[in-house]
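Presented below is the structure to which this report refers.
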2 protein chains.
Amino acid sequence: MTQLLSTAPTATRGDEDAVQNNHAFDNGAKGREAIHAGQSLSSLFVGSAAEAVAAGKAIWWEGDKNHLVQVEEGVVRLLRIIGEGRRVIIALQFAGDLNGASLQNDFLFTAEAVTKCKIRRISHMSFHGEVARSNALARAYLSLLCQEAAASHEQMVLLPKKNAEERPCSFIVKLAFRRNPRPRQGPLRVSMNRQDIADHLGLTIETLAHTVTKLASRNIVIPEGRHDLRNVNLARLVRLSGDTDDFSEDFCQRVNLNTRDKPRD
Amino acid sequence: MTQLLSTAPTATRGDEDAVQNNHAFDNGAKGREAIHAGQSLSSLFVGSAAEAVAAGKAIWWEGDKNHLVQVEEGVVRLLRIIGEGRRVIIALQFAGDLNGASLQNDFLFTAEAVTKCKIRRISHMSFHGEVARSNALARAYLSLLCQEAAASHEQMVLLPKKNAEERPCSFIVKLAFRRNPRPRQGPLRVSMNRQDIADHLGLTIETLAHTVTKLASRNIVIPEGRHDLRNVNLARLVRLSGDTDDFSEDFCQRVNLNTRDKPRD
DNA sequence: CGTCGTATTGACGTGCCTCAACCCAGGTGG
DNA sequence: CCACCTGGGTTGAGGCACGTCAATACGACG
């Protein structure tokens, strides 16, 4: 993750979720490679018709026959529901992301539009046909699968080991890095509602609200309406996000020296 | 997961962890396909020398240059350590499993031998060379990646949504199904220590011990020494494991009717 | 401007973690 | 062969972080 802080194309922020980016924002700007993978696989979708999906509508259901979908505009949530109303948001996807790639037969989770979306679909068969025919695509495909795996692993660290403060901080940081590999303090759009975020972070909406309020009272974020943050203090968020091993060296040293006392703001 | 209960090769239990099985026991007996994938990829490793690894020793470290490893004997844990001594066991692997497949450059996690192990390594390059040359291998490889993804997703459901009772139950069930697609009440070897299990389930060892004690007092499992369970009552464990949507129909109905009250033994 | 669904706030309860004492198995040396 | 030692495991008491519940506020629509 260190490369996130290195020099990089300072893409000025485009409109909401219109920037080209790759899989499940968990991967944020995981390097040029990732973006390249997304772009080259994108070419497979140009032939198929764009499809508009209203906010809240399902794109596919768990158990449906597998095909591939690329998100062209909007935000999509991938989720599983287990008995008794428990819901888990496996991943959130943005423009440029594609899914269905890591599945063989049926979908193991449902995909729903968080916002109004534009998507394109291609069949499992034609996808694999094309990929088999091109080395470049095969590499891109592999790269995509690897990113998904990495994202899953990060989530597996977040869920059991981060507390109710660290999780929202991680979330905001990833959201910020996703659209810009070198973000600064600045406004940030949060398209999904609290329930979606909570279900992704393994918290309740109330706990989430409590944390956000506390962050706001320390001027680390300034909420504005339900879907925007003004003046996100990323440096402090990063420190509060619990990824102590992931960042600049001096920071790591500081953290590792006073073990068990994570630095407060 | 329904197919787990259907007719299947009733592989009589071989010796500890010697049965052929595929990736990260999370996938248990995920179907013939899976096992086939593991077996055909295994052929790539026959050329390389078997390597003995003592219990507790690392097989590779997070950040090492990527290569592939197949576990031939023993149990391996894949883990990440984040600051301040927090440890997460991403997955546990058994004989036949292989790893490194979902990585492009460096390892994102460490692998350590839980028990005395025998492993074989091959280079990233030679692996991908072989896979590129054979359609069968490419399919097997893809299948493997998909299984890993599915396992990750399951873990992402377990961690935030299952409680301190359901998690150990899920764990024992998976352990039982891993070696035998149609297990009955019977003895079960648990090679790893409590800390490993706890770190995999996102619990503390104390909480884990409390749960196991409670299960024992209800005769659902009967611990025998530190590494064995006698007379595992799988039917009840399944019911307690919180995967309410995964099993036989009448059971599902029973569960869904009285919402919120999961059936007690 | 009124209505409804979403979000916030705060009081309260509880499930898991923390901490500390104890137990037990396995290894080692007398 | 037994006493001791050591490290992993268990048990139980107590605290706290997060969940639950309920009341209120907000913001997006008509």
Side-chain angles (χ1 to χ4, degrees), chain A residues 54-56 77 84-88 114-116 158-169 171 189-217 221-230 240 242 259-262 264, chain B residues 54-56 77 84-88 114-116 158-169 171 189-217 221-229 240 242 259-262:
Chain A
R77 58 176 175 250
E84 307 152 44
R86 298 190 270 191
R87 192 180 80 148
V88 179
V114 171
T115 64
K116 189 157 65 91
L158 178 138
L159 290 171
K161 294 294 175 185
K162 293 190 181 179
N163 64 28
E165 179 170 279
E166 293 167 328
R167 293 184 206 185
C169 290
F171 180 79
R189 169 128 270 241
V190 182
S191 325
M192 44 299 218
N193 65 22
R194 305 295 161 158
Q195 191 64 63
D196 287 337
I197 300 173
D199 285 346
H200 185 51
L201 299 180
L203 298 171
T204 60
I205 43 173
E206 294 96 331
T207 301
L208 181 61
H210 285 138
T211 298
V212 172
T213 306
K214 271 195 337 198
L215 293 176
S217 74
V221 296
I222 304 177
E224 185 168 287
R226 293 180 172 185
H227 291 291
D228 291 279
L229 297 175
R230 282 208 69 71
L240 293 172
T259 14
R260 191 130 281 266
D261 277 318
K262 33 201 132 97
R264 295 279 130 196
Chain B
R77 59 177 174 249
E84 307 152 43
R86 297 189 270 192
R87 193 180 79 147
V88 179
V114 170
T115 65
K116 191 155 65 90
L158 178 138
L159 289 170
K161 294 292 175 186
K162 293 191 181 180
N163 63 28
E165 179 170 279
E166 293 167 327
R167 294 184 205 186
C169 289
F171 180 79
R189 168 129 270 241
V190 182
S191 324
M192 46 299 222
N193 66 22
R194 307 294 161 159
Q195 190 65 63
D196 287 338
I197 301 172
D199 286 346
H200 185 51
L201 299 180
L203 299 171
T204 59
I205 43 173
E206 295 95 331
T207 302
L208 181 60
H210 285 140
T211 299
V212 171
T213 305
K214 272 194 335 197
L215 293 176
S217 74
V221 296
I222 304 177
E224 185 166 287
R226 292 178 172 182
H227 291 291
D228 292 279
L229 297 175
L240 294 172
T259 12
R260 193 132 279 267
D261 278 319
K262 29 200 136 89

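Lettering of chains follows the sequences in order, A, B, ..., and the numbering in each one begins at 1.
In this structure, the CG atom of B:D199 is 13 Å from the P atom of D:dG8, given to the nearest Å. A straight line from CG of B:D228 to P of D:dG9 spans 13 Å, rounded to a whole angstrom. Atom CG in A:L203 sits roughly 15 Å away from atom P in C:dC16 (whole-Å rounding). Taking atom CD1 of A:I205 as the reference point, atom C1' of D:dC21 lies 12 Å away to the nearest angstrom. Here D:dA23 presents its P atom at 14 Å from CD of A:E206, a figure rounded to the nearest Å. Between B:R194 atom CZ and D:dT11 atom P the separation is 10 Å, expressed in whole Å. Atom CD of A:E165 and atom P of D:dC18 are 9 Å apart (whole Å). Put simply, CG on B:N163 is 15 Å from C1' on D:dC18, counting in whole angstrom units.
Between A:R87 and A:D196, at least one side-chain nitrogen of the basic residue sits less than 4.0 Å from a carboxylate oxygen of the acidic one, meeting the salt-bridge criterion.
Within the structure, every side-chain polar atom (N or O) of B:T207 is placed at least 4.0 Å from both OP1 and OP2 of C:dC16. In this structure, B:T204 does not reach the C:dT18 phosphate: none of its side-chain N or O atoms is under 4.0 Å from OP1 or OP2.
Listed nucleotides: D:dG12, C:dC17, C:dT8. Nearest to the side chain of B:H210: D:dG12. Residue B:A164 has its side chain nearest to C:dC16 when only C:dC16, D:dC18, C:dG10 are considered.
Among the heavy atoms of the strands lying under 4.0 Å from A:A209 is at least one base atom, whether or not backbone atoms are also near. Among the protein residues, A:L208 comes within range of no part of the nucleic acid, since none of its heavy atoms lies under 4.0 Å from any strand. In this structure, B:R226 reaches the bases: a heavy-atom distance under 4.0 Å links it to at least one base atom across the strands shown.
With contacts defined as side-chain heavy-atom distances shorter than 4.5 Å, the pair B:L229/B:E224 does not qualify. Looking at heavy atoms from C-beta onward, B:R167 lies in side-chain contact with B:L158 at the 4.5 angstrom threshold.
Put simply, the side chain of A:T207 never gets that close to the backbone of A:L203: no donor and acceptor are under 3.5 Å apart. No donor-acceptor pair under 3.5 Å is formed between the side chain of B:H227 and the backbone N or O of B:R189.
For B:V212 and A:K162, each mapped to the nucleotide of DNA chain D holding its nearest heavy atom, the one lying further toward the 5' end belongs to B:V212.
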